[in-house]
Amino acid sequence: MAFGMGTSLPSLLHYSVLDSMGPNIGGMADGREVHLGLIYPCLLGARMLGSTVFPWLISGPSSLRTEDCLVYSFIVLGLVLSIVAYDYQEIGVLVTLFCLFHACVGLILPSLAKLRTMYVPNELRGGMISLSLAPANAAVLLFLIQGGYYRNIGNSTILAVAALGLLTAAGSMHVLKRLGKQPYQNWHKS
């Protein structure tokens with residue numbers, strides 16, 4: 001269940017941030033703007049940076065555990081989204097936060113893949129990934145319809161809910177880690 005929620009969280013956040021942060025960065029009410037053609041390369045570059053840093057963090061001299069890496073990444077993502085949800089208007093800061101957000105997502109995706117290979121048997125992995133994306137896609141559809149089409153939910157509300165979800169996920173992962181007896185127990189059948 002925790003892997004399913006962790007797997008669906010980055011895809012939900014990806015769409016909510018692109019839907020909410022993209023227009024905020026693209027143009028402000030007072031006429032300042034950033035060319036939207038520059039945002040997508042920033043997204044890809046930041047994601048590649050996060051994916052590149054991941055092996056250095058877990059195998060380098062610091063030797064950070066994968067679970068700890070996820071907790072820290074979720075906390076950083078929650079803080080980034082809470083700053084953006086507060087309706088921060090400086091374009092340079094928004095672009096920096098956008099890149100930091102996607103660098104953390106680039107760090108989360110290989111972390112989740114490593115945890116899946118450690119704890120979920122091969123026979124169940126495909127079904128678990130497919131089933132975990134269903135709630136994320138339903139939430140994206142709900143937020144896009146309510147926020148984008150009907151305009152019932154504001155962008156700041158969507159980002160605040162996402163920030164609260166990330167901080168809750170980080171807190172629950174921390175509690176689960178403290179309650180666990182063996183952090184590297186392998187659940188594969190021998």
Side-chain angles (χ1 to χ4, degrees), residues 1-18 21 40-86 88 92-122 124-126 128-129 131-133 135-136 159-190:
M1 180 75 171
F3 285 127
M5 292 303 288
T7 303
S8 63
L9 203 61
S11 64
L12 171 64
L13 291 173
H14 173 72
Y15 292 116
S16 66
V17 165
L18 284 181
M21 248 175 119
Y40 195 68
C42 288
L43 177 146
L44 290 178
R47 282 236 178 135
M48 288 189 291
L49 176 69
S51 296
T52 303
V53 168
F54 173 72
W56 298 341
L57 288 177
I58 63 165
S59 65
S62 67
S63 187
L64 189 64
R65 288 185 39 216
T66 307
E67 294 89 350
D68 295 333
C69 184
L70 275 174
V71 170
Y72 298 143
S73 297
F74 282 164
I75 290 171
V76 170
L77 285 176
L79 293 175
V80 165
L81 288 183
S82 63
I83 291 170
V84 175
Y86 182 68
Y88 199 82
V93 174
L94 281 175
V95 171
T96 303
L97 291 174
F98 185 78
C99 290
L100 180 61
F101 175 85
H102 285 289
C104 285
V105 170
L107 190 65
I108 286 173
L109 294 175
S111 300
L112 289 173
K114 182 177 180 186
L115 288 175
R116 274 194 305 266
T117 58
M118 285 173 55
Y119 294 116
V120 179
N122 286 338
L124 302 175
R125 199 171 301 150
M128 193 249 352
I129 292 171
L131 287 176
S132 68
L133 290 178
L159 291 174
V161 168
L164 182 65
L166 282 166
L167 294 174
T168 304
S172 62
M173 287 179 67
H174 178 70
V175 168
L176 285 173
K177 184 180 76 167
R178 294 196 70 161
L179 292 176
K181 294 178 182 163
Q182 294 181 5
Y184 282 109
Q185 182 180 4
N186 191 350
W187 293 46
H188 290 284
K189 294 179 183 177
S190 300

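Bear in mind that the values here come from a model prediction, so they are computed numbers and not experimental data. The chain is numbered in sequence order, starting from 1.
- Each of V71, I75, T168 was checked for a side-chain contact (heavy atoms from CB on, under 4.5 Å) with M173, and the lone residue meeting it is V71.
- For the pair A85 and A160, the tightest heavy-atom approach, listed with the atom from each and the gap, is CB-N, 3.7 Å.
- For the pair V84 and F101, the minimum side-chain heavy-atom distance is 4.5 Å or more.
- Rounded to the nearest 0.5 angstrom, L43 CG and M48 CE are separated by 9.5 Å.
- To the nearest 0.5 angstrom, C69 atom SG is 5.5 Å from L64 atom CG.
- Using modelled atom types, one side-chain atom of T117 and one backbone atom of K114 make a donor-acceptor pair closer than 3.5 Å.
- Of the possible polar contacts, none joining the S59 side chain to the W56 backbone as a donor-acceptor pair under 3.5 Å is found.
- Of the possible donor and acceptor atoms, one in the side chain of S51 sits under 3.5 Å from a partner among the backbone N and O of G106.
- Distance check: L49 CG to C104 SG gives 9.5 Å after rounding to the nearest 0.5 Å.
- Rounded to the nearest 0.5 angstrom, L79 CG and L97 CG are separated by 10.5 Å.
- For residues 50-64, no residue pair satisfies the salt bridge (charged side-chain N to carboxylate O under 4.0 Å, His left out) rule, not counting sequence neighbours.
- Within the model, atoms CD1 of I108 and NE2 of H102 stand 11.5 Å from one another, a figure rounded to the nearest 0.5 Å.
- To the nearest 0.5 angstrom, I58 atom CD1 is 10.5 Å from E67 atom CD.
- The two atoms that bring G78 and A163 nearest to each other are O-CB, 3.5 Å, heavy atoms only.
- Of the residues L166, L100, L81, L107, the one that meets the side-chain contact (heavy atoms from CB on, under 4.5 Å) test with V76 is L100.
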